[in-house]
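Note that ligands are numbered from 1 as they come in the structure, with each ligand's atoms numbered from 1 the same way. Because only heavy atoms are used, hydrogens play no part in the values below, and waters and symmetry mates are left out as well, while side chains stay in.
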Amino acid sequence: MQDWSPDSWQNFKIAQQARYTDQKLLTDVLAELSLLPPLVSPIEIDDLKQKIAAAAKGEAFVLQGGDCAELFSDCNAEVISTKLKILLQMSLVLIHGLDKPVVKIGRMAGQYAKPRSAETESINGISLPCYRGDLINSPEFNEKSRTADPKRLLKGYSFASLTLNFIRTLVENNFTDFSDTKNWDLDFVSHSPLADEYHEIMSQIQHSIKLLDNLTNHHSNSSIRDKIYTCHEALHLQYEQALTRQSDNGEWYNLSTHLPWIGMRTAQVNSAHMEYMRGIKNPVGLKVSANTSADQLLRVCDILDPENEPGRLVLITRMGAHSIEQTLPPLIEAIQSQSRTPLWCSDPMHGNTSVTQQGIKTRRFDAIIDELTAAFSIHKKMNSHLGGVHFELTGEHVTECVGGARGLTEIDLHRAYKSLVDPRLNADQSLEMAMRIVKVNQLLEGDRSSNIGSQKLNNPNFKIE
Ligand code: PEP
Ligand code: CO
């Protein structure tokens, strides 16, 4: 890679960084981090790249999901396994309904740094630095907590590694085995209005596995061990740099995660984040918003993926249900005009955040569905392909997004709102989302010869039952 090194980003303008007062401590911490072992391996990363390439061609489907902001305090067996359970349940519904492999990527084991829209937060006339995620400071509203603490970088590394270790242990012990899904039956979901539909899917899959076992005279149990990949926003570049390592083949990899992405607030053409991301060998994600112009998108693609390498680039669109019809098509057209083959992924969460009259950040389930539906339909209409989805979700019984089969309202938001940053789908809503994705696709697939399906889907009054 020409003129690139893991620290060349330092010559570029950078946004959204913490200000550390103790520079000596920061330098020491970064030196220590750079000597610690990597969290993931180049082989796993290359493997994911191939799977992303397959999804870009429509041969697989990517499910990316997890917290907006992972918390250090959530690094425990219950929270981690619950999050895995919901990802696995969703993937089961998708595998069954879309009839293709599902690549599972958790926003986990390192999603600790957050971009913020304001530098400071003011309460009762007191102004303090905003909370930037557990990797940087802590959410309590006092000066000590909000001061950026370099030692948190080491903690973040440790919690990421503990989380990954637990995920690997679960996978090794057949937690992901589809023939034994009772491992990941969520108690909450068994009382859900969707429970019957989900259990029917589950038993059909188990029946198929048994049939295969009987046909091949082989017990597939241990062979259905599936991989879980990780992703996080590569926001804190000093941290990312310290975990960027050269592999035996001379290539540089970010070994803190499989799939780093750059968020909307740092994805400018000549930014430090763009410079850092262009040199690493990982697949890289790029958030694309309603404000991204076709020209800007193509310039960014040239920087991040000059060779149009299969599986390298994931374009995560987060347009907003109200604007996707106008803003997504020109971007697809631009990508097609250059015969580029990124994986298109829809993040229907970040363009659909609203604030209630009580000042609570929420997202309406219907708006999320509307953006997703439109994304699938637009891609299909344009002969493009939407090969993945990106959600903020949790397996816990939270009440942060309104709507869904249980009909959560704004009043429910007071009951179990835990997220410190963006509102997440709870387990029920997540599972319903997976079922809706299947239904949207079946509807679009069932209507190959004309665009009646997409006309229906484009009608704001049309709902898929
Ligand atoms: C996020 O994914 O949590 C996020 C901040 O997204 P965006 O950069 O798209 O706003
Ligand atoms: Co978010």
Side-chain angles (χ1 to χ4, degrees), residues 14-18 62-71 74 83 105-119 130-136 139 156 230-237 240 257 259-268 271-274 276-277 284-292 296-297 300 304 313-324 327-328 331 344-355 360-364 367-368 371-372 375 388-394 398 400-401 417-426 429-430 433:
I14 191 155
Q16 292 286 342
Q17 297 303 288
V62 166
L63 170 65
Q64 227 182 330
D67 294 308
C68 179
E70 240 181 328
L71 304 178
D74 277 350
K83 217 176 294 164
I105 313 178
R107 279 176 68 118
M108 291 173 87
Q111 176 51 20
Y112 295 128
K114 295 306 301 171
R116 302 313 306 261
S117 38
E119 287 274 311
C130 63
Y131 168 60
R132 287 186 175 275
D134 277 7
L135 192 66
I136 291 119
T230 61
C231 64
H232 68 240
E233 177 168 352
L235 183 67
H236 195 302
L237 290 186
E240 306 298 336
T257 190
L259 171 66
W261 82 81
I262 14 183
M264 194 199 74
R265 294 168 185 80
T266 50
Q268 286 72 38
S271 67
H273 287 82
M274 202 60 75
Y276 170 74
M277 296 292 260
V284 293
L286 174 78
K287 289 286 193 103
V288 176
S289 81
N291 297 325
T292 311
Q296 200 182 346
L297 180 64
V300 168
L304 293 179
L313 191 59
V314 183
L315 296 179
I316 309 165
T317 58
R318 29 92 79 226
M319 321 305 278
H322 55 286
S323 83
I324 187 167
T327 51
L328 184 59
L331 302 181
W344 288 99
C345 192
S346 169
D347 164 0
M349 310 295 289
H350 286 87
N352 295 304
T353 314
S354 54
V355 179
I360 305 172
K361 232 185 188 188
T362 192
R363 287 163 173 157
R364 283 190 310 110
I368 299 168
E371 172 155 358
L372 253 185
V389 285
H390 182 124
F391 293 111
E392 287 186 341
L393 56 80
T394 171
V398 299
E400 297 170 3
C401 293
Y417 196 107
K418 295 194 194 157
S419 175
L420 294 176
V421 189
D422 287 338
R424 302 159 295 175
L425 299 170
N426 63 26
Q429 292 167 326
S430 301
M433 203 53 81

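- Screening His350, His232, His390 against Trp261 for a ring pair (Phe, Tyr, Trp, His ring centres under 6.0 Å) leaves a single residue, His390.
- Minimum interatomic distance between Ala234 and Ile262 (heavy atoms only, all atoms of both residues): O-CG2, 4.2 Å.
- Each of Cys68, Arg107, Lys114, Pro115, Trp261, Gly263, Met264, Arg265, Lys287, Arg318, His350, Glu392 has a non-hydrogen atom positioned under 4.0 Å from some atom of ligand 1.
- Remark: at the Co ion (ligand 2), atom NE2 from His350 and atom OD2 from Asp422 enclose 90°, rounded to the nearest 10 degrees.
- No side-chain donor from either of Arg132 and Gln17 sits under 3.5 Å from a side-chain acceptor of the other.
- Nearest heavy atom pair, residue Ile316 against residue Gly285, reads CD1-CA, 4.2 Å.
- Closest non-hydrogen pair, Asp422 versus Glu400, comes out as O-OE1, 4.2 Å.
- The minimum distance between the Co ion (ligand 2) and any N, O or S atom of Glu392 involves atom OE2.
- None of Thr353, Asn352, Asp347 except one satisfies the side chain to side chain contact (heavy atoms under 4.5 Å, CB included) rule with Met349; the exception is Asp347.
- Between the side chain of Gln111 and the backbone N or O of Cys68 there is at least one donor-acceptor pair closer than 3.5 Å.
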